There are 4 protein chains.
Amino acid sequence: MGPTMDGTKQQRRGNTRQRIQDVALALFAEQGYEKTSLREIAERLDVTKAALYYHFKTKEEIIVSLFEDLTKPILELIEWGRGQPHTLETKQEIIRRYSEALQGAEPLFRFMQENQATVRELRIGDTFKDRMRGLRDILIDPEADLVDQVRSVSAMFTLHAGMFVMQDIEGDPEKKHEAVLEVALDLIAQAHEHARGTD
Amino acid sequence: MGPTMDGTKQQRRGNTRQRIQDVALALFAEQGYEKTSLREIAERLDVTKAALYYHFKTKEEIIVSLFEDLTKPILELIEWGRGQPHTLETKQEIIRRYSEALQGAEPLFRFMQENQATVRELRIGDTFKDRMRGLRDILIDPEADLVDQVRSVSAMFTLHAGMFVMQDIEGDPEKKHEAVLEVALDLIAQAHEHARGTD
Amino acid sequence: MGPTMDGTKQQRRGNTRQRIQDVALALFAEQGYEKTSLREIAERLDVTKAALYYHFKTKEEIIVSLFEDLTKPILELIEWGRGQPHTLETKQEIIRRYSEALQGAEPLFRFMQENQATVRELRIGDTFKDRMRGLRDILIDPEADLVDQVRSVSAMFTLHAGMFVMQDIEGDPEKKHEAVLEVALDLIAQAHEHARGTD
Amino acid sequence: MGPTMDGTKQQRRGNTRQRIQDVALALFAEQGYEKTSLREIAERLDVTKAALYYHFKTKEEIIVSLFEDLTKPILELIEWGRGQPHTLETKQEIIRRYSEALQGAEPLFRFMQENQATVRELRIGDTFKDRMRGLRDILIDPEADLVDQVRSVSAMFTLHAGMFVMQDIEGDPEKKHEAVLEVALDLIAQAHEHARGTD
DNA sequence: CATGAATGAGAATTCATTCAT
DNA sequence: GATGAATGAATTCTCATTCAT
């Protein structure tokens, strides 16, 4: 007498919350947050709007929960980075792992990138900005040349651009990804070298 | 008993269309397109919503008109670039002028960047993408190494990042701008050099 | 074989039913019936909404049960009054005991007074009106002068007003209560005297 | 081509706001505030819900506007009373004019009385309480005997009771009204006399 | 040029209620 | 005795848009 008596009907177990998150994220990423209505999410799941409200108190809470669940790796990355010496190796490791984290939650980050205006007004807005700043502060030497500071920021944004803009450049995705990572690592290396020379 | 009975009130001549555009752009850039209602725009201008409809047939047309008015420099830049040889000098000139164009219409580009999901669904979406691609095709050598192609794209995005993300790095705005430009030019130069070697 | 099937005093072992009533009454009295949701009641008790439905078939049944439990003294008072002669003493006793009944179930009566529009649509509405009429018919001599009939009604309402409006007049609560009772008794006495004179 | 082209259609002039107020007050008084939905009001007027929102920003604003329009006489009465000496004549005049004011806006006052719990949460709640206190302070001598203070309050509440409760006592409405007024005046007189004696 | 009045569609949210477990 | 999960109906409110004047 398990909770699933047949495989034909949908499994109404404890996974509804998860399914809401999945569908919501897909729609948010595709159409944007404002353009995605709860009606649409509910319809796609074949439940009522009220069911969504059983699992999430507000529409915002859906995106907040996604954010919290999916950006944990980045939070951990920042915490790890803070404890490391500001060496080139650390920075390279940050870039590499950040790249991986981005890929691990691609739809969420596409959403964050394409709905910045919206996100700014949401509760996650500040949290997100804080994290970006956290990463930046690990990558940047505050006394470094301004140009090199820009290089570090540029490295991060190259990864972002790599996710979205590079998509319509032809080529093997795997290869493109490697190329993006290489440019980012290169920028970081350039930024770091000069800084050393300046020391 | 015309609309202007005294000269004390603001000059309600023929500039209403322009004023609508200004206020709309400011609000779109600040809050996003969906979150900005026509009521809000009208209120800020102290006219009725219906007045907006005298000047623009739809809400979308307001943003379209802004886009068309403000991105003309970029369109011209692309046309100019297409007629030039693919030399480093050309590319550098493109980067320089693109940077200027971005600054000349900062709120619009901030809006485009922060409302990508929305923009994609709007009529301007495709136009914008086409322009980005136009620029890219001038900057990129299709036979170049993938890594160098990424460098070129990265140069463009460094300019974008420079507009928005760099804002909360401290420093003289003028100097920051120069630094951003330098990194972009540097990336372009690196991309070009290798390509030459490959030739 | 229902969980509550005895006519004697309740005080069931599982006191949840009682707790629901207590919390519900407190909230109904504070915020009104419509503004108080079952979710709120359940949350305050730290049970689920469904638990409420185990004890009461509907929201209305909660207030009905409260009404029935708490107005029994008044029902008994009416029954007692009906068997008495229409003397001044009887009327005075009614007023005195009514005043006590009101105080014994203050939150309920505050609720009834402040939610008349709602109560009217509920099942208890008619019952309540019947009781009020019952009391009135004991206090009023139908052949008495209209002015004296008003005096009798006014006596009752003075008690009501005493409960709620007098609260923000300063003074010892006990003393205020006595003063209210005195005015009510006085009105009844005046009404009665004239009636006698008319006889 | 005046605003009315035919008599068949409803007169869509400047009276919609007024019509909304009328229908809303009727429904609020009949069913209570919460039980009356904007849909119902709109349907009864044969306009859309959105039309209501053109004239009133929120549901609450409808009742606020009614309150402000209809209780002005009472406000003026209080202001007048404040400037008068605290004689019996003044108090009697207050009672008389208050009684008239109540009758002039009967549905509103019935609504206020029967929806006190709701009104308390609304913006008008405090205003209303203030007015009641204003009246009370004119009628009451603060150094008077507590019993006489109660008499004054009771006079006011007799008028209230007279509006609503007396309805189901048989008799000519005009006569009943006079009787109610007489009892109220009587209470005020009794309260005043004693006070004089105490002075 | 512009307004006043209105609409139709749709949004997020809340509620009392149900029922299998 | 109670819960977890869900529903259906309703609610307040907002928005882009229209049109006669």
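Throughout, protein chains are lettered first and strands after them, A, B, ... in sequence-line order, and every chain is numbered starting at 1. What's counted below: heavy atoms across the whole structure, side chains too, no hydrogens, waters or symmetry copies. Just so you know, these numbers come straight off a predicted model, no measurement behind them.
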Participant: Taking A:Phe67 as the fixed residue, which of A:Leu70, A:Val64, A:Asp69, A:Thr71 is the one that meets the side chain to side chain contact (heavy atoms under 4.5 Å, CB included) rule?
Facilitator: A:Thr71
Participant: Check the distance between F:dT7's P and A:Asp46's CG and give it to me in whole angstrom.
Facilitator: 8 Å
Participant: Please list all pairs passing the salt bridge (Lys or Arg N to Asp or Glu O under 4.0 Å) test where one or both residues lie in residues 22-36 of chain C, with sequence neighbours left out.
Facilitator: none
Participant: In whole Å, what is the span from the CG atom of C:Leu52 to the P atom of E:dC19?
Facilitator: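 Computing the C:Leu52:CG to E:dC19:P distance gives 17 Å.
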Participant: Counting heavy atoms not belonging to C:Arg131, are there more than 12 under 6.0 Å from its CZ?
Facilitator: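 Enclosed: over 12 neighbouring heavy atoms sit under 6.0 Å from CZ of C:Arg131.
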Participant: Please determine if a side-chain N or O atom of B:Tyr54 lies less than 4.0 Å away from the OP1 or OP2 oxygen of E:dC1.
Facilitator: no
Participant: With respect to the side chain of D:His55, which nucleotide from F:dG1, F:dT7, E:dA6 is positioned closest?
Facilitator: E:dA6
Participant: Please report the shortest heavy-atom distance between C:Ile62 and C:Ile20, naming the atom on each side.
Facilitator: CD1-CG2, 4.2 Å
Participant: As a test of reading the structure: which of E:dA6, F:dT3, E:dT3 is closest to the side chain of B:Ala51, going by heavy atoms?
Facilitator: E:dT3
Participant: Can you find a pair of side-chain heavy atoms, one from C:Arg120 and one from C:Phe128, that are under 4.5 Å apart?
Facilitator: no
Participant: Using the salt bridge (charged side-chain N to carboxylate O under 4.0 Å, His left out) criterion, which residues pair with B:Arg39? Sequence neighbours excluded.
Facilitator: B:Glu43
Participant: Any side-chain hydrogen bond (donor to acceptor under 3.5 Å, both in side chains) pairs touching residues 50-63 of chain D, not counting sequence neighbours?
Facilitator: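 Matches after skipping sequence neighbours: none remain.
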Participant: When the side chains of residues 106-113 of chain C are checked against the rest of the protein, which donor-acceptor pairs come out under 3.5 Å, sequence neighbours left out?
Facilitator:
residue: C:Glu106; atom: OE2; partner: C:Arg110; partner atom: NH1; Å: 2.5
residue: C:Arg110; atom: NH2; partner: C:Gln167; partner atom: OE1; Å: 3.0

Participant: Pull out every stem in DNA chain E, meaning runs of 3 or more consecutive Watson-Crick or G-U wobble pairs with both distances under 3.5 Å.
Facilitator: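 DNA chain E forms these stems: E:2-21 with F:2-21.
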Participant: Heavy atoms under 4.0 Å is the rule here; annotate nucleotides 12-18 of chain E 5' to 3' with B where the base is hit, S where only the sugar-phosphate is, and - elsewhere.
Facilitator: SBBBBBB
Participant: Could you check how far CZ of D:Phe56 sits from P of E:dA6, rounded to whole Å?
Facilitator: 12 Å
Participant: Ignoring backbone atoms, test whether C:Thr16 places a side-chain nitrogen or oxygen under 4.0 Å from the OP1 or OP2 oxygen of F:dG1.
Facilitator: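 Checking C:Thr16 against F:dG1: no side-chain N or O falls below 4.0 Å of OP1 or OP2.
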Participant: Return the NZ to OG distance between A:Lys49 and A:Ser37, rounded to the nearest 0.5 Å.
Facilitator: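 Atom-to-atom, A:Lys49:NZ and A:Ser37:OG are 8.0 Å apart.
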Participant: Sticking with atom P, work out how far F:dT21 lies from E:dC1, rounded to a whole angstrom.
Facilitator: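 Roughly 22 Å separates the two P atoms.
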Participant: Whole angstrom is fine here: how far is it from CD1 in B:Ile41 over to P in F:dT14?
Facilitator: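 Roughly 17 Å, once rounded to whole Å.
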Participant: Write down the distance between CD (B:Glu43) and P (F:dT14), rounded to a whole number of angstrom.
Facilitator: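 My rounded result for the distance is 11 Å.
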Participant: Take atom CD1 of B:Ile62 and atom P of F:dC15, then tell me their distance rounded to the nearest Å.
Facilitator: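 That distance rounds to 14 Å.
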